[in-house]
Amino acid sequence: MKPEHYKFPFHVMLHPFDGFWDLKYDDKGKVRVAAIIVALLVLSTVLQRQFAGFMVNYNDPRYLNSLDDLIYTVMPFLLFCIANWSITTLMEGEGKFREIILATAYALLPLVLINLPMTFLSRLMTMEESAFYYLATGIGVVWCGYLLFVGIMTVHQYTATKTVITLGMTVVAMGIVVFLGTLIFSMAGQILYFFYNIYRELVFRM
């Protein structure tokens with residue numbers, strides 16, 4: 001890939017309307033770059049949970065698991081993309097699934113750029129200075145949310161109102177998928193346990 005492909009996410013971050021328009025209509029977004037951003041978000045999450053200063057980090061290191069951080073970062077990302085694609089398909093959205101993935105991944109860049117340095121700076125902060133940590137991370141979340149809003153609005157060619165409605169329905173759809181998935185796994189576990197008990201009874205009686 002060309003160097004401008006790696007610079008493009010920064011253009012999107014600073015000029016979201018132009019950036020997401022170019023992502024959709026000029027094909028400037030790349031899946032490989034999106035994957036790198038998501039990977040960096042996973043890395044920043046792992047580092048933040050494990051190495052942030054004790055003033056702002058309340059996690060017990062004995063129970064931290066990097067695999068859990070990977071799952072709980074990547075799964076919501078994929079779940080959001082799938083749910084949004086499902087909802088917008090019914091609501092005449094113009095965005096393709098690939099464009100939703102790209103827009104969502106590119107919108108995550110502020111979290112990476114803010115969380116990584118703040119994780120290590122937090123180790124040098126006092127209790128009074130920890131307010132700057134929460135301020136910076138809060139700015140990252142708000143910035144990410146704004147980019148996601150503009151990205152979804154642009155790739156689907158929605159109005160602001162329809163975008164808000166769509167995002168709300170996406171969150172509801174994500175909740176339904178999680179509920180159904182949990183229910184299915186629970187039922188599958190009970191069925192397996194039932195057949196396992198039958199198997200044990202047959203073995204012991206033979």
Side-chain angles (χ1 to χ4, degrees), residues 24 29-50 57-109 111-112 115 137 140-141 144-145 147-149 151-156 158 161-206:
K24 180 175 177 62
K30 300 300 177 183
V31 174
R32 183 182 300 178
V33 177
I36 292 174
I37 294 174
V38 175
L40 288 175
L41 179 62
V42 173
L43 176 63
S44 69
T45 301
V46 172
L47 293 177
Q48 185 180 47
R49 286 172 54 81
Q50 295 192 6
N57 189 356
Y58 303 104
N59 296 303
D60 189 335
R62 294 174 298 176
Y63 302 107
L64 292 177
N65 188 329
S66 298
L67 182 59
D68 290 340
D69 295 333
L70 170 64
I71 294 173
Y72 293 133
T73 302
V74 175
M75 288 302 295
F77 169 79
L78 294 176
L79 186 58
F80 174 86
C81 294
I82 294 171
N84 186 259
W85 175 76
S86 302
I87 294 297
T88 54
T89 298
L90 301 175
M91 298 184 65
E92 301 178 347
E94 297 182 10
K96 301 175 183 177
F97 185 64
R98 175 179 179 274
E99 294 169 349
I100 296 173
I101 290 179
L102 292 176
T104 305
Y106 281 37
L108 297 173
L109 185 59
L111 290 179
V112 176
N115 287 350
T137 53
V141 171
C144 172
L147 292 178
L148 183 62
F149 176 83
I152 294 300
M153 182 170 62
T154 302
V155 298
H156 292 300
Y158 282 163
T161 302
K162 194 170 184 178
T163 303
V164 171
I165 295 173
T166 301
L167 289 174
M169 295 178 66
T170 299
V171 172
V172 173
M174 291 173 65
I176 293 173
V177 171
V178 171
F179 172 76
L180 292 177
T182 304
L183 184 62
I184 291 172
F185 278 114
S186 176
M187 293 179 62
Q190 292 179 4
I191 292 173
L192 289 176
Y193 185 70
F194 172 75
F195 283 112
Y196 174 70
N197 284 335
I198 294 177
Y199 168 77
R200 289 183 60 189
E201 289 290 334
L202 292 176
V203 170
F204 289 144
R205 291 177 180 275
M206 290 178 63

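Without hydrogens or angle criteria, Tyr158 side chain to Gly93 main chain gives a donor-acceptor distance under 3.5 Å. A donor-acceptor distance shorter than 3.5 angstrom exists from the side chain of Ser86 to the backbone of Ile82, with no hydrogens or angles considered. In this structure, the side chain of Thr88 engages the main chain of Trp85 through a donor-acceptor pair within 3.5 Å.
The distance from atom CG of Leu47 to atom CG of Leu40, rounded to the nearest 0.5 Å, is 10.5 Å. Ile184 contributes atom CD1, which lies 10.0 Å from atom CZ of Phe179 (distance to the nearest 0.5 angstrom). For the atom pair CG of Leu90 and CD of Glu92, the computed distance is 10.0 Å after rounding to the nearest 0.5 Å. Atoms CZ and OG1, on Phe77 and Thr104 in that order, are 5.5 Å from each other to the nearest 0.5 Å. If you take CE on Met174 and SG on Cys81, they are separated by 9.0 Å, rounding to the nearest 0.5 Å. The distance from atom NZ of Lys96 to atom CD1 of Ile101, rounded to the nearest 0.5 Å, is 13.5 Å.
For the pair Thr137 and Asn115, the minimum side-chain heavy-atom distance is below 4.5 Å. Side-chain contact between Leu41 and Ser44: present, with at least one pair of heavy atoms (C-beta onward) separated by less than 4.5 Å. Thr163 places none of its side-chain heavy atoms less than 4.5 Å from the side chain of His156. Considering only heavy atoms from C-beta on, Val155 stays 4.5 Å or farther from Glu94 through its side chain. In this structure the side chain of Phe149 reaches within 4.5 angstrom of the side chain of Val164, judged on heavy atoms. Looking at heavy atoms from C-beta onward, Tyr106 lies in side-chain contact with Val33 at the 4.5 angstrom threshold.
Every side chain to side chain donor-acceptor pair (under 3.5 Å) that Lys24 has, sequence neighbours left out, goes to Glu99. Applying the side chain to side chain contact (heavy atoms under 4.5 Å, CB included) criterion to Leu67, with sequence neighbours excluded, gives Asn65, Leu70, Ile71.
For Met75, the CE atom sits in a loose shell: 12 or fewer heavy atoms of surrounding residues, nucleotides or ligands are nearer than 6.0 Å. Annotation for Phe97: atom CZ counts as buried by contact number, over 12 foreign heavy atoms lying within 6.0 Å.
Residues Val141 and Leu111 share a closest heavy-atom pair of N-CD2, 3.7 Å. The two residues Asp69 and Thr45 come nearest to each other via the heavy atoms CB-CG2, 4.4 Å.
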Residues Phe80, Leu148; criterion side-chain contact (heavy atoms from CB on, under 4.5 Å); working and verdict: CA-CA 11 Å; Phe80 174 86; Leu148 183 62; 3.8 Å; yes

Audit row: Val31, Leu102, side-chain contact (heavy atoms from CB on, under 4.5 Å) steps and yes/no: CA-CA 6 Å; Val31 174; Leu102 292 176; 4.2 Å; yes

Worked verdict on Ile165 versus Thr161 for side-chain contact (heavy atoms from CB on, under 4.5 Å): CA-CA 6 Å; Ile165 295 173; Thr161 302; 4.2 Å; yes

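A side-chain donor from one of Thr170 and Asn84 sits under 3.5 Å from a side-chain acceptor of the other.
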